[in-house]
Amino acid sequence: MERRSFVQGAGIAGVLAAGTAPAVVHAQANIRWRLTSGFPKALDTIYGAADTFAKKVKELSGGKFEISTHAAGELVPMPGLVDAVQNGTVEMGHTAPYYYFGKNDAFALGCAIPFGLNSRQMTAWQYDGNGLKLMREFYSNYGFISFPMGNTGAQMGGWYRKQIKTVADLKGLKFRVGGFAGKVTSRLGCVSQNIPGGEIYQALEKGTIDAAEWVGPYDDQKLGLNKVAPFYHYPGWWEGGPQLDLYVNQKAYDTLSAEYKAIIECAAAYAHTEMQAKYDARNPAALKQLVANGAKLVAFQKPVMDAAYKAAMDLYSEISASNPAFKKIYDDYSNFRRESNLWFRFTEARFDTFMQSAKL
Ligand code: CA
């Protein structure tokens, strides 16, 4: 008897009773889905996660589940991504959730908030804490389910034409900053602006803006900002570990077999790990080259960090007072952050501090 017809005839229960591997669960119609990215292809690490994901889904499904990936604007512009996934215009979107804080500030908690979780902590909160559960509960209001799919790690603090020495230096500073973080930098006196990546260089060169943050050495190097704004401050305290998410339209997801659902979960988890790995592997060489080409590395001074920290915590209290969805998630997030930092300060931080000052 041919295996396939035997399996179909016996049904899963019969197959399992007979001790035969349930190969039948692979049998499913070919499907083709579309994924819109919130990013341009030039951002190969972040956009690349969508390609990695689609490739893995195809491989794991034996070529039956195909997903085409599209750069921001090709099918829908980045700001319309959430609506497009919600409406089912596309089945999937890959983006930085904090871009959509205009809909609800709670979106930022699924990505990054100033003085939030680092990359390791964010993954821990999502996978083993309540993070994924709470974010999915929130996202269900928008008709989609989320999967962690990438993290950049702690970003840099950006490029400045003049060095930031004190909090007063931020007053009136025309600063390009992404997403939700502008709410905090504005409180410090910055004139916060959200300019697309492709327009940052010109704006800095012309003096339309005084400073701009983008990501970190690997991505920043491509923009050439070191030529027009040499002071490269760190750390990007507003993005200690921003997570990218895969959003999947819930109705479309519900039509999938358990096997295809598991494939999505595993392929997204693979892409999640790979993106952080790429940043960690590629940033060192890019940083060296930037410094060789004139970038002046300068740490933000503690009084600047302290003032920003206070502004951020005040903001979260205020949002929590008026936004129950934010409060519910932030209460859990902030508990996790406190406990995690209590642990990380011991062996992780001590080990890192020693190793990074050792002459290897
Ligand atoms: Ca950034």
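For clarity, every value in this text was computed on a predicted model and none was experimentally measured. Start at 1 and go down the list; that is how both ligands and their atoms are numbered.
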Pair [X] + [Y]: ring centers closer than 6.0 Å:
| X | Y | result |
| --- | --- | --- |
| Tyr160 | His233 | yes |
| Tyr260 | Phe65 | yes |
| Tyr247 | Tyr139 | yes |
| Trp159 | Phe231 | no |

>> With rounding to 10 degrees, what does the angle Gln155:OE1 / the Ca ion (ligand 1) / Glu213:OE1 come to?
In response: 110°
> Near the Ca ion (ligand 1), is there an N/O/S atom from Trp214 that is less than 3.0 Å away?
Replying inline: yes
> Name of the Glu239 N, O or S atom nearest the Ca ion (ligand 1)?
Replying inline: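 Closest to the Ca ion (ligand 1) among those atoms: OE1.
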